[in-house]
Amino acid sequence: MAVSEPFSFLKHRKHNLDRMTLGDLVYSFFTYYAVVAYITVGIISLALAVKWLENPLRMLLAMLAASVAFPFGWYLVHKHILHSRFLYKSPLTAATWKRIHFDHHQDPHDLRVLFGALANVLPTVGGVIAPIGYLIGGKAGAAAALGWAMVITCVYEFCHCIQHLNYTPRSPFLKDIKRLHLSHHFHNEQGNYGITNYFWDRLFGTFYEKSGDKPKSPTVFNLGYTSEEAQRYPWVDRLSGGTRGDGHPRRFWERQAAAQTPPPEPARRQEG
């Protein structure tokens, strides 16, 4: 079954975006624990912003600042941390890197690894956005900025799901960002780091419009964690159970099944 039951992360159910319809995705998205947490934090934060409201203009400016800081921060994190190679080189950070991005490039259709880990996303977003909001509008500004950042997070995550869903959007905007993001996953990972906003890619020269604008990357699926690197830094490979994929990505369960299938026995010669 492609659709997750409510809070099915507790049951380790599969979330295969390539087998979902748009309706399946909507159901699974809004019952996914990380999204439930973002919505909860967002509602509480915005309610507190209204309760503490003193200067509406400052509160709106705090929300505007969050709208600018979020995509810029995402660009920096995606390019310089998630696509860096220093995290897999230490046993202390290898598991985190594997979970927050390597697994997503290994199996782009798995909803469970498409989202950033909640324990990483929430403190990071809150730790950056809330202080910015506080500097602009005090505690009301901090709450408003954080609440609005949670709205942006949900929009980002849903658009990210659409980009990997076996579905052709009707919206020209969604079609465009889907094409750009899939190029990042299947052609060259060293560019198009945005999700819904490619302004920073354009500004810093990492944007490419068509696949032909960049050569095919040999590390687009393994993010540079090649078999040679796995020998030097084995921790991610061990956590992957020897099923690391360097070619075209396959679903985790397919690779695991292939790894567990014993090789066929050689045919015995008939005596006679």
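Just so you know, these numbers use all the heavy atoms, side chains as well, and skip hydrogens, waters and symmetry mates.
- In Phe158, the CZ atom is crowded: over 12 heavy atoms of neighbouring residues, nucleotides or ligands sit closer than 6.0 Å.
- Using a distance-only test at 3.5 Å, with no hydrogens or angles considered, a donor-acceptor pair links the side chain of Asn192 to the main chain of Leu180.
- In this structure, Asn16 contributes its side chain and Asp18 its backbone to no donor-acceptor pair below 3.5 Å.
- Across Val113 and His104, no two heavy atoms sit closer than the pair O-CB, 3.4 Å.
- In this structure a side-chain-to-backbone donor-acceptor pair under 3.5 Å is present from His184 to Glu189.
- Using a distance-only test at 3.5 Å, with no hydrogens or angles considered, a donor-acceptor pair links the side chain of His187 to the main chain of Lys214.
- Between Ile136 and Ala62 the shortest heavy-atom distance is CG2-N, 3.8 Å.
- Surrounding CZ of Arg58 are at most 12 heavy atoms belonging to other residues, nucleotides or ligands under 6.0 Å away.
- The two atoms that bring Ala143 and Ala49 nearest to each other are CB-N, 3.8 Å, heavy atoms only.
- The shortest heavy-atom contact between Ala94 and Trp235 is CB-CB, 3.7 Å.
- Note that the CG atom of Leu223 and the NE2 atom of His83 stand 5.5 Å from one another [nearest 0.5 Å].
- Under a 3.5 Å cut-off, the side chain of Tyr233 and the backbone N or O of Glu229 do not form any donor-acceptor pair.
- For the pair Thr219 and Gln190, the minimum side-chain heavy-atom distance is below 4.5 Å.
- For His80 against Phe86, the heavy-atom pair with the smallest separation is O-CE2, 3.9 Å.
- Looking only at side-chain heavy atoms (C-beta outward), Phe115 and Cys161 come within less than 4.5 Å of each other.
- Counting heavy atoms from C-beta on, the side chains of His181 and His164 come closer than 4.5 Å.
- The distance from atom CG of Leu111 to atom CE of Met20, rounded to the nearest 0.5 Å, is 5.5 Å.
- Gln163 places no side-chain N or O within donor-acceptor distance of the main-chain N or O of Leu182, the cut-off being under 3.5 Å.
- At distances below 3.5 Å, not a single donor-acceptor pair connects side-chain atoms of Tyr88 with backbone N or O atoms of Phe102.
- Using modelled atom types and a 3.5 Å distance limit, the side chains of Asp237 and Ser240 yield no donor-acceptor pair.
- The hydrophobic clustering, which links ILVMFWY residues whose side-chain heavy atoms are closer than 4.5 Å, places Ile152 and Tyr198 apart.
- Between the side chain of Thr93 and the backbone N or O of Lys89 there is no donor-acceptor pair closer than 3.5 Å.
- Listed for the Asp201 side chain is no donor-acceptor partner under 3.5 Å among the backbone atoms of Gly191.
- Side-chain atoms of Lys216 and Val220, non-hydrogen and from C-beta on, do get closer than 4.5 Å to each other.
- Formation of a donor-acceptor pair under 3.5 Å by the Glu54 side chain with backbone atoms of Ala140 is not found in this model.
- Of all the heavy atoms in Ala66 and Trp148, the pair that sits closest is CB-CD1, 4.3 Å.
- Looking at Leu122 and Tyr38, their side chains come closer than 4.5 Å, going by heavy atoms from C-beta outward.
- Side-chain contact between Leu60 and Leu64 is absent, with no heavy atoms from C-beta onward closer than 4.5 Å.
- When each of Thr124, Val125, Leu118 is checked for a side-chain contact (heavy atoms from CB on, under 4.5 Å) with Val121, only Val125 meets the rule.
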Quiz: residues 68-77 side-chain donor-acceptor pairs under 3.5 angstrom, not counting sequence neighbours:
{"unit_1": "Trp74", "atom_1": "NE1", "unit_2": "Tyr193", "atom_2": "O", "d": "3.0"}
{"unit_1": "Tyr75", "atom_1": "OH", "unit_2": "Thr206", "atom_2": "OG1", "d": "2.9"}

